[in-house]
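Numbering of ligands and ligand atoms starts at 1, following listing order.
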Amino acid sequence: MRKLFVLSLLVSLPWVCLSQNFLSNKQIDSIISLMSPEEKAGQMTQIDLGVIAEGGICNLVQPQALNLDKLKTAIQKYHIGSILNVGCGSGTISLESWHKIINTIFEQNKKYSHLNIPIIYGIDAIHGANYTMGATLFPQQIGQAATWNPGLVKKMYQITAYETRASGIPWNFSPVLDLGRMPLWSRFFETFGEDVYLAKQMSRVAIQGIQNNGVNGPYQVASCMKHFLGYSMPLSGKDRTPAWISDRELREYFLPSFREAINQGAKTVMINSGEINGTPVHVNHDILTTLLRDELGFKGVAVTDWEDVYKLVNIHRVAATKKEAVKMAIMAGIDMSMTPNDFEFTELLVELIKEGSIPMSRIDASVRRILNLKNEMGLFQFKKISKDLYPLFGSAEHAQQSYNLAVESMTLLKNTNNALPINSSAEKVLVCGPAANSLNLLNGAWTHTWQGLDARFNTKGKLSVVDAMKLVNAKNVTYVQGSSIDSVLDIEACIQAAKTVDKIVVCLGETPCTELPGNIDNLDLTLAQKTLVKRLKELNKPIVLVCCFNRPRIIKDIAGLADAILYAYLPGDEGGRAISDCLFGVKNPSGKLPFTYPSNQNALIHYDRKQSEDLDVDFSMNAYRPQFDFGFGLSYTQFEFSDLSVSKDTLNDFDSIVIKVNVKNVGSRAGQEVVQLYYSDLFASITPSVKKLMAFSKLAFEPNETKTVYFSIHKSDLSFVNKELQVVTESGEFDLIINNQKKRIYVN
Ligand code: BGC
């Protein structure tokens with residue numbers, strides 16, 4: 001009877017236009033009123049593909065295929081609301097198989113679901129639709145931030161949304177909005193770097209790109225802000241270990257990118273697996289409800305991270321039983337549990353609902369959010385996925401966008417003795433090092449598999465650095481690996497080969513990894529790679545280092561031996577071409593570091609440090625000596641800054657000041673420069689930072705071209721979080737700084 005009623009609700013909706021005919025709030029309420037405790041608990045459950053596929057959990061038959069009996073159980077008995085990913089330990093899936101999986105889930109759900117509530121599929125499409133074969137793979141987030149080009153980054157997220165929807169999947173667990181303030185952390189490369197302002201700009205365009213003003217169109221998916229809140233700053237540097245972060249610091253540094261994303265209409269959020277100040281975030285009502293819902297006004301779905309409800313018992317030990325853990329997490333504010341390998345969460349939740357241990361109003365609030373999301377996505381009017389709508393999937397056009405982004409991320413950190421660019425027709429070059437001939441080291445984790453290590457899945461036809469360089473001029477390019485990440489290999493052959501060339505390019509790398517498998521005990525570059533560089537230096541030929549790292553590995557010992565250093569981050573499938581084109585000068589690097597590059601293990605100081613961090617042992621203000629500064633990056637041309645002026649020198653409430661500066665390309669080739677505006681608050685009730693980024697603009701210049709760049713600032717741009725946790729701007733003197741130019745203003 002209930003089924004008939006709901007079916008009649010849904011049948012009255014024609015399937016023709018996905019952008020219309022959503023269910024009304026009343027219709028959603030009617031569905032909820034018909035749902036049993038089992039159906040509600042099921043909606044709040046997310047299982048991994050492994051639970052419904054052929055084979056054992058984490059040991060699936062490859063390629064993955066649905067097991068219809070298991071699927072029937074998941075739907076009919078457990079009423080599951082959501083499924084994720086590709087099965088633990090498994091890899092990427094073809095477009096055709098995705099269509100089969102998604103269409104079958106839909107059909108079976110129609111057949112066995114009592115109320116025919118659609119199942120929502122979610123996936124980690126972290127740097128492109130990385131779990132679909134042949135999808136376009138882009139630079140990882142840290143490289144995206146290094147472009148300082150929000151327009152390009154937005155385009156990348158649009159393409160990722162397109163290719164994720166092309167796979168039949170409407171929900172992307174991206175972007176990571178955690179601030180990259182801890183270089184040791186294994187997920188550093190998944191962040192937009194250390195700076196609040198830059199990360200906020202990137203967060204904004206990421207949400208805009210993924211959702212494209214909605215979540216129901218054929219090229220739109222729901223975003224998921226990860227991982228709320230304070231995940232990226234574990235004290236030990238190890239993933240999911242305790243963070244000690246005060247409420248003030250949480251708000252000053254870690255909250256703004258999430259606030260920005262919520263303002264952009266982000267639909268879902270994933271919770272931090274770790275603990276802050278002794279409380280696992282999954283049970284923290286202050287963060288998950290008071291802050292997220294009441295203060296920030298977030299109305300979407302909050303999903304746990306992987307098995308995090310169970311971890312409250314077996315890792316965090318704040319609950320003695322799983323049942324208690326389920327209750328704690330739900331009462332704190334989670335809506336959906338990424339369970340993900342069994343149905344124990346679902347069964348325990350049913351018990352809790354039936355006993356009345358969790359109020360029905362609390363359960364209904366979560367179920368309503370989940371149904372609202374499905375409704376907004378157009379899932380109640382699901383149409384069979386067809387390839388025809390997506391002619392650009394994995395296309396040359398999309399690859400070009402990935403290439404553009406990779407090129408703009410390339411950050412030239414050193415260039416002496418005309419080491420770069422290399423003249424491809426006149427100079428012979430030896431290319432060596434672990435990242436020289438590996439697509440996996442260019443892509444990092446979340447590439448076809450979780451850890452990104454399985455080369456069998458690599459996209460056919462994509463070029464490593466060596467491939468791309470040989471394509472330019474094979475006869476001038478020699479490749480000998482010389483060293484893997486951890487051990488020297490054919491180093492003598494490498495040295496012999498180096499004797500015959502004009503320049504040596506060493507592509508340094510880091511094993512692709514993320515989360516727990518990415519934990520390290522120190523930031524040093526591996527001995528084998530340093531040995532390779534030191535041995536090659538004995539030949540006294542120009543050495544160029546290309547760095548493809550997950551995080552800034554310490555290169556102090558070898559930076560001085562190198563004539564040039566090109567920092568490439570994890571540039572993705574077009575990274576080989578982008579690196580080659582920058583080395584050969586086809587492209588002019590314009591990336592800027594989105595983090596402070598440490599020179600020493602234990603000097604992990606950020607550019608927006610406090611004055612006390614500048615105080616050196618000799619009492620001079622000189623202790624901040626990073627390998628390379630935040631915002632730093634050279635070009636093959638040079639820029640001069642002059643004539644910084646302000647429209648007035650006093651800033652009042654509701655007022656603005658226009659800042660003007662001239663920038664001239666004084667070199668001989670075209671190039672792009674990022675004009676960065678910083679401020680320095682001279683005195684404040686909370687110790688002020690030495691400087692903070694407040695605006696930037698990336699512009700292209702022809703040789704000899706001068707541009708006047710304008711920024712308009714308001715009082716709120718100079719704010720900070722005070723002791724009472726309010727965002728305030730205190731009156732007093734401020735310095736405005738662009739490059740070597742500075743002006744003082746007074747704020748009333
Ligand atoms: C990660 C998340 C990811 C989830 C699903 C977790 O282990 O922390 O970022 O979205 O797995 O794969």
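- Within the 3.5 Å criterion, the main-chain N or O of A445 finds no donor-acceptor partner in the side chain of Q451.
- Only the side chain of R187 comes within 4.0 Å of ligand 1, counting heavy atoms alone; its backbone N, CA, C and O stay farther away.
- D124 OD2, 2.4 Å is the protein heavy atom nearest to atom 12 (O) of ligand 1.
- When the heavy atoms of L84, I126, D305 are ranked by distance to atom 2 (C) of ligand 1, first place goes to D305.
- Not one N or O of W306 is nearer than 3.5 Å to an N or O of ligand 1, by distance alone.
- The shortest side-chain heavy-atom distance between K323 and E347 does not fall under the 4.5 Å cut-off.
- Under 4.0 angstrom from ligand 1, the non-hydrogen atoms of R240 all belong to its side chain.
- Within the 3.5 Å criterion, the main-chain N or O of T596 finds a donor-acceptor partner in the side chain of E194.
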Would F298 and F258 count as a ring-ring contact (aromatic ring centres under 6.0 Å, His included) here? Give the steps.
CA-CA 10 Å; F298 178 66; F258 286 93; 9.9 Å; no

Criterion side chain to side chain contact (heavy atoms under 4.5 Å, CB included) on Q211 and K267, from CA distance to verdict:
CA-CA 9 Å; Q211 298 191 172; K267 292 290 175 197; 3.3 Å; yes

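- Checked against N440 for a side-chain hydrogen bond (donor to acceptor under 3.5 Å, both in side chains), the options T447, T511, N458 give a single hit: N458.
- Below 3.5 Å of separation, one finds an N or O of H227 facing an N or O of ligand 1.
- In this structure, atom 7 (O) of ligand 1 lies nearest to the protein heavy atom E515 OE1, 2.6 Å.
- The N85 neighbourhood of ligand 1 comprises atoms 5 (C), 12 (O), with distances under 4.0 Å to a heavy atom of that residue.
- Shown are H398, Q401, K462; of these, the side-chain hydrogen bond (donor to acceptor under 3.5 Å, both in side chains) with E574 is made only by K462.
- Atom numbering of ligand 1 starts at 1 in the shown order; those under 4.0 Å from a heavy atom of M270 are 2 (C), 10 (O).
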